[in-house]
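As structure tokens, the structure follows; a few thoughts come after it.
This is a predicted model, so every value here is computed, not measured. Residues take their numbers from the sequence shown, with the count starting at 1.
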Amino acid sequence: MEEKLMSHTTAARPVHAVHSEELSQLPAKAAGWADAARFKAGLGQVLLVPGEDGGVGAAVLGLGPRDEACPATSLSTGALAGALPSGAWRLDAELDADLAALGFRLGGYRFERYRNAGDGNPPPTLTVPGSGGHETRLYEGVALVRDLINTPANDMGPDALERVTRDLAAEFGAEVEVTTGDALLPANFPMIHAVGRASSRAPRLIDMRFGRHDAPRVTLVGKGVAFDTGGLDIKPASGMLLMKKDMGGAANVLGLARILMAGRVDIRLRVLVPAVENAISGDAFRPGDILPSRNGKTVEIGNTDAEGRLVLADALTLADEDAPELLIDIATLTGAARVALGPELPPFFTPDDALAADVERAAARLADPVWRMPLWRPYAANLSSRVADINNVTTDGFAGAITAALFLQGFVRMTHAWAHFDVFGWRPKAVPYGGIGGEAQAIRALAAVIEERYGR
């Protein structure tokens, strides 16, 4: 067995990774070929070097300037997945081995459910010396998120989110309960029902549990708005083009759950997904309506396009009733978050400084960027209502991401360690480890925090 392994490793062709200013340090043939090709070794650039037999004998991966290197540089191996010929390859680089192995897997992701885009050739394989072998479960979690967000709403409604959750539960031996349609009312989920009742596809609350009952309790809540027309406050056509991704919060918590369950992290995991479609019909909820909520607050509807916080509020109330050790919600919630930080840097909000520090450290180490924003209490007054306990929007249009987080915080009373992540869930510009399309955000960092805090 050892002889076979050594033979396989020897047969693998090398991939040399190099910073822009260090091309002269490559092996002589690769350096000469790079010079002849005027290869600049920009981040994610790949140069194929001829071998003695006329085929490709080696490759060079550009890492960009050394003074711009960061943990994400190691993920640039993703560019190799689409550039290397079939066969076995071996990485020769001073990179974070685990991130390099993951980057290669992520770069090979393709969403091909609706077309046959493959060329029939087997994909290349890459050996990364020193990697711990964790990249498979991380990749599968991220790939699940990408698949779910990339799937159009005609095939990814509330019912499909339920099927995906049940399939995931069956794979790992988890339990699932679902409350559907009008049954939401006697079960006291009035806002989930109100938001989803206009659709022909019934709203539902999906509740999945995994792990031993006396393990530390970690609950994940994900916004599962399968498509968002804006309701009666209808979005313009351009605003609906990407609304298949409005269930990106649900996709991310399901991807995070897959990572945790595949790793058999010793926690009592609960995943709550309020799955609805914000549609338009005669039964749609209206601007000016006053909705009851699970925790007893009444909510005046200032805008039906601020529906995600409504369904999350009922789900967060249910989660909070158990007072878990950690409560995380993830949602594609506000355009204001994207105006503030752009699509690649999701903000998060938490009153727990220790939790925030843990998340920030993990995010920096794992190249899974997030940025903490304040729960600025004075802005909560902007959600006041003259006729109900609270309005679902402000009237001044300021600090939309913060006021949305403050709205949600009002439904978390028992749980100290709570954090809200306002993700975009979409990559508008390709990078070496991900093309344009649905994207997982924050879940690799969160998986690390959960494992380190509760799973050992």
Electrostatic pair E171-R258, nearest N-O below 4.0 angstrom | yes
Can you name the residues that form a salt bridge (charged side-chain N to carboxylate O under 4.0 Å, His left out) with E162, not counting sequence neighbours?
-> R166, R204
How about T298 and D389: does a side-chain donor come under 3.5 Å of a side-chain acceptor?
-> yes
Indicate yes or no: does E452 engage R365 in a salt bridge with an N to O separation below 4.0 Å.
-> yes
Rounded to the nearest 0.5 angstrom, the CD-CG distance for E307 and D305 is 6.0 Å
Shortest non-hydrogen contact from A81 to G108?
-> CB-N, 3.4 Å
Considering residues at least two apart in sequence or located in another chain, which fulfil the side-chain contact (heavy atoms from CB on, under 4.5 Å) criterion with F111?
-> Y109, R113, Y114, D147, N150, T151
What distance separates Q45 CD from L63 CG, expressed to the nearest 0.5 Å?
-> 11.0 Å
Nearest 0.5 Å please: distance from the CD1 atom of I192 over to the CG atom of L291.
-> 12.0 Å
Is it the case that D329 and W418 place a side-chain donor and acceptor less than 3.5 Å from each other?
-> yes
Hey, are the side chains of V142 and V145 touching, using non-hydrogen atoms and a 4.5 Å cut-off?
-> no
Please say whether the positively charged group of K245, taken as NZ for Lys or CZ for Arg, lies over the ring of F424, i.e. under 6.0 angstrom from the six-membered ring centre and within 45 degrees of the axis.
-> yes
If you look only at pairs with a residue in residues 394-421, which of them pass as a salt bridge (Lys or Arg N to Asp or Glu O under 4.0 Å), with sequence neighbours excluded?
-> none
Starting at CG of L43, measure out to SG of C70 and round the result to the nearest 0.5 Å.
-> 8.0 Å
Name all residues meeting the ring-ring contact (aromatic ring centres under 6.0 Å, His included) criterion together with F411; count only those two or more places apart in sequence or in a different chain, and write none if there are none.
-> F407
Do the side-chain N and O atoms of D182 and H193 include a donor-acceptor pair separated by under 3.5 angstrom?
-> yes
Without hydrogens or angle criteria, can the side chains of D422 and T334 be said to hold a donor-acceptor pair below 3.5 Å?
-> yes
No-hydrogen, no-angle side-chain donor-acceptor test under 3.5 Å, R377 and Q409 | yes
The salt bridge (charged side-chain N to carboxylate O under 4.0 Å, His left out) partners of R444 (sequence neighbours excluded) come to none
Among all residues two or more places apart in sequence or in another chain, which pass the salt bridge (charged side-chain N to carboxylate O under 4.0 Å, His left out) test with D246?
-> K223
Any residue meeting ring-ring contact (aromatic ring centres under 6.0 Å, His included) with F189, in chain and number order, not counting sequence neighbours | none
Mind jotting down which residue pairs meet the salt bridge (Lys or Arg N to Asp or Glu O under 4.0 Å) criterion with at least one end in residues 399-410? Sequence neighbours excluded, please.
-> none
Kindly list each side-chain donor-acceptor pair under 3.5 angstrom involving residues 214-221, sequence neighbours excluded, with atom names and distances?
from	atom 1	to	atom 2	distance (Å)
D214	OD1	R212	NH1	2.7
R217	NE	E325	OE1	3.3
R217	NH1	D322	O	2.5
R217	NH2	A323	O	3.3

Checking R197 side chain against D283 main chain: does a donor-acceptor pair fall under 3.5 Å?
-> yes
For a side chain to side chain contact (heavy atoms under 4.5 Å, CB included) with P203, tell me which candidate from T180, V276, T179 qualifies.
-> V276
Which atoms form the tightest heavy-atom contact between D368 and A445, and what is the distance?
-> OD2-N, 2.9 Å
Separation between CG (L260) and CG (D266), nearest 0.5 Å, reads 11.5 Å
Check side-chain contact (heavy atoms from CB on, under 4.5 Å) between A169 and all other residues, then give those that pass, not counting sequence neighbours.
-> A174, V176, M208
Salt-bridge test for R294 and E321: reply yes if a basic N is under 4.0 Å from a carboxylate O, no otherwise.
-> yes
Can R105 and E135 be counted as an ion pair, charged N to O under 4.0 angstrom?
-> no
Who passes salt bridge (charged side-chain N to carboxylate O under 4.0 Å, His left out) against D167, sequence neighbours left out?
-> none
Under 30°, 30 to 60°, or over 60°: which ring-plane class applies to F210 and F172, parallel, tilted or perpendicular?
-> perpendicular
Pairing residues for Y433 by the ring-ring contact (aromatic ring centres under 6.0 Å, His included) criterion, not counting sequence neighbours | none
